[in-house]
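Contents: one structure, followed by commentary.
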2 protein chains.
Amino acid sequence: MDAVAEFTGYLKSNGFKRTKERLSLIKLLSGKPGHFDADGLYDMAKGESLETSRASVYRTIALLKKSGLLSESIRKDGKAVYEVSPAKGHHDHLVCLKCGGIEEFKDNVIEEHQEKICRKYGFEIKEHRLEIRGYCRKCR
Amino acid sequence: MDAVAEFTGYLKSNGFKRTKERLSLIKLLSGKPGHFDADGLYDMAKGESLETSRASVYRTIALLKKSGLLSESIRKDGKAVYEVSPAKGHHDHLVCLKCGGIEEFKDNVIEEHQEKICRKYGFEIKEHRLEIRGYCRKCR
DNA sequence: ATATTTGCAAACGCTTTGCACAGAA
DNA sequence: TTCTGTGCAAAGCGTTTGCAAATAT
C-alpha cells in the first residue's frame with residue numbers, strides 16, 4: 001500500500017474529508033524520500049503550481065503525523081523537519097555540520113544496548129533519537 | 001577550578017567585561033546541576049532578587065555556550081534547555097514522557113560503537129546526542 | 001444541507017536586536 | 001574617557017489559530 005492510499009484510508013476511516021489540498025500534498029511527498037521542513041513543502045507545492053496555503057501545509061503535516069505517515073525531528077536550531085516514515089523500522093542520523101546533509105544509518109548493537117540500559121534504570125522505552133553530528137566525507 | 005573562576009577567566013582572556021549581571025548568573029548556576037531554560041534562569045535570578053533582564057540572560061547564556069561552560073539541548077517541542085557542562089565527559093538522556101524528568105546515563109559500548117559507524121561512513125564525529133524517551137520507574 | 005476545511009491575517013511564544021543610557025576598564 | 005554591556009521595547013521567526021468564505025459529503 002503506497003502512502004497516498006494509506007492516507008486516504010486514514011482520512012476515510014476517521015471521517016476527515018479528502019480535499020484536493022490534502023491529496024496533493026501527500027501525492028507530492030509519496031514519491032520523494034529525505035527530509036524537508038514545512039516551508040520547504042509549501043515551496044515544493046508552489047513549484048508544482050498546486051494552490052495551497054502555509055496554514056494548510058501545517059495542518060496537513062499535523063494530520064500526517066497523527067496518521068503515522070510522517071515522522072518529525074527537531075533540528076538543533078529548534079525548527080521541525082519531517083520525513084515520510086520509513087516503513088522498515090527506526091534509523092538514526094548522521095548530520096553534517098557543514099553542508100547540513102543528513103545520512104541515515106541503523107545499528108542493532110546500539111539498539112539492543114539501549115534496551116539493556118533501560119532495564120537497568122527501570123525505564124520503559126517508547127522511542128529514541130540518536131544524532132551524530134560532525135563532518136561528512138565530502139566536507140571534512 | 002570551579003565554574004565561576006572558569007567563566008571570569010574566559011571573560012578576561014577574551015576582553016569581555018566582568019559585569020555584575022554575568023557574574024551573578026554564573027554564580028547562580030555554578031551550584032545547581034540539572035536542566036533549565038532561559039526563562040527559568042531569569043526567574044531564578046528574580047527569585048534571588050538579582051536585577052537583570054531577559055535580554056541579558058539570553059546574551060549571557062550565549063556567552064556561556066561559547067565559553068563551553070554551558071551545553072544546550074533542543075527539546076522535542078523546539079525549546080532550548082541548558083545544563084552546566086558535565087566536567088567528566090558526555091552523557092545521554094532518558095526523558096520521561098509523563099513527568100518530564102530527565103535521567104542521565106553513560107554507556108561506553110554505545111559510545112564506542114558510534115565511532116565504528118562513523119568510520120564506515122567516512123564521517124568525522126564532533127558530537128552526538130542520544131535521547132531515549134519513554135516512562136520512568138515512577139510513571140510507567 | 002451542513003459540518004469540515006481553507007486562506008488570510010493576526011496571534012503566539014521564544015529568542016534576538018536597535019538604540020540610548022549605564023557602567024567597566 | 002571610551003568602548004562594551006544593559007534594559008527596554010520592538011522586531012523576527014516558525015508555528016498556530018479565529019473567522020468568514022469555500023467545499024466535500
Side-chain angles (χ1 to χ4, degrees), chain A residues 4 7-28 35-46 48-67 70-83 100, chain B residues 4 7-28 35-46 48-67 70-83 100:
Chain A
V4 177
F7 191 45
T8 52
Y10 171 81
L11 292 176
K12 179 165 253 167
S13 55
N14 289 81
F16 295 124
K17 292 179 175 170
R18 274 137 280 158
T19 66
K20 59 174 163 14
E21 290 83 359
R22 288 174 179 164
L23 298 179
S24 42
L25 288 178
I26 184 61
K27 217 169 292 172
L28 201 53
H35 299 75
F36 61 92
D37 59 18
D39 227 52
L41 178 54
Y42 178 68
D43 289 343
M44 256 194 267
K46 283 275 159 186
E48 310 257 340
S49 35
L50 304 173
E51 44 198 62
T52 192
S53 64
R54 240 176 275 275
S56 284
V57 167
Y58 277 104
R59 287 189 274 228
T60 302
I61 284 175
L63 257 191
L64 285 165
K65 277 198 290 176
K66 267 185 246 158
S67 80
L70 218 56
S71 64
E72 182 187 72
S73 331
I74 302 296
R75 279 194 314 219
K76 218 189 167 192
D77 63 1
K79 279 136 206 175
V81 289
Y82 308 91
E83 64 180 318
Chain B
V4 177
F7 190 44
T8 52
Y10 172 80
L11 292 176
K12 180 166 252 167
S13 57
N14 287 81
F16 295 125
K17 293 178 176 171
R18 273 137 280 158
T19 66
K20 59 175 164 12
E21 288 82 359
R22 288 174 179 166
L23 297 180
S24 43
L25 288 178
I26 183 62
K27 218 170 291 174
L28 202 53
H35 298 74
F36 61 92
D37 60 17
D39 227 51
L41 179 53
Y42 178 67
D43 289 342
M44 255 194 266
K46 284 274 161 188
E48 312 257 338
S49 37
L50 302 173
E51 43 197 64
T52 191
S53 65
R54 250 183 204 76
S56 284
V57 166
Y58 277 104
R59 288 190 273 228
T60 302
I61 285 176
L63 256 191
L64 286 164
K65 277 200 290 177
K66 268 185 245 159
S67 81
L70 218 58
S71 64
E72 183 188 73
S73 330
I74 303 294
R75 280 194 313 220
K76 219 190 169 193
D77 63 3
K79 278 136 207 175
V81 289
Y82 308 91
E83 65 181 316

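Values below: all heavy atoms of this structure, side chains included; hydrogens, waters and symmetry mates excluded. Naming: A, B, ... by sequence-line order, numbering from 1 per chain.
Atom CG in B:Asp77 sits about 13 Å away from atom P in C:dG13, given to the nearest Å. Here D:dA24 presents its P atom at 15 Å from NZ of A:Lys12, a figure rounded to the nearest Å. In this entry the distance linking CG of B:Leu41 with P of C:dT15 reads 12 Å, nearest Å. With rounding to whole Å, A:Tyr42 atom OH is found 16 Å from D:dC13 atom C1'. Between the CG atom of B:Leu63 and the P atom of C:dT15 there is a distance of 17 Å, given to the nearest Å. Straight-line distance from the CZ atom of A:Phe36 to the C1' atom of D:dG14: 15 Å, rounded to whole Å. Rounded to an integer number of Å, the gap from CD of B:Glu51 to P of C:dA22 is 14 Å. Protein atom NZ of B:Lys20 is 10 Å distant from nucleotide atom C1' of D:dG7, rounded to whole Å.
Picking from C:dG7, D:dG7, C:dT6 the nucleotide with the shortest atom distance to the side chain of A:Ser53 gives C:dG7. Closest to the side chain of A:Tyr58, out of D:dT16, D:dT17, C:dC14, is D:dT16. Closest to the side chain of B:Thr19, out of C:dT6, C:dG13, C:dA24, is C:dA24.
Donor-acceptor pairing under 3.5 Å, judged by distance alone, is present between the side chain of B:Lys17 and the base of D:dC3. If you check distances only, the side chain of B:Arg18 never reaches the base of C:dG23 with a donor-acceptor pair under 3.5 Å. With hydrogens and angles ignored, a donor-acceptor pair under 3.5 angstrom links the side chain of A:Arg59 to the base of C:dG7.
Among all heavy-atom pairs drawn from A:Ser24 and A:Leu50, the shortest one is CB-CD1, 3.7 Å. The two atoms that bring B:Arg22 and B:Leu63 nearest to each other are NE-CD1, 3.5 Å, heavy atoms only. The two residues B:Ala38 and B:Val57 come nearest to each other via the heavy atoms O-CG1, 3.6 Å. Of all heavy-atom pairs spanning B:Asp37 and B:Tyr82, the tightest one is CA-CD1, 4.3 Å.
Nearest-nucleotide positions on DNA chain C for B:Gly78 and A:Arg54 put A:Arg54 closer to the 5' end. Place A:Arg22 and B:Ala38 on DNA chain C by their nearest nucleotides, and A:Arg22 ends up nearer the 5' end.
The side chain of B:Thr52 places no N or O atom within less than 4.0 Å of a non-bridging phosphate oxygen (OP1 or OP2) of D:dT6.
In this structure the side chain of B:Phe7 never reaches within 4.5 angstrom of the side chain of B:Leu70, judged on heavy atoms.
A:Ala62 comes within 4.0 angstrom of no nucleic acid atom, judged by non-hydrogen atoms across all strands.
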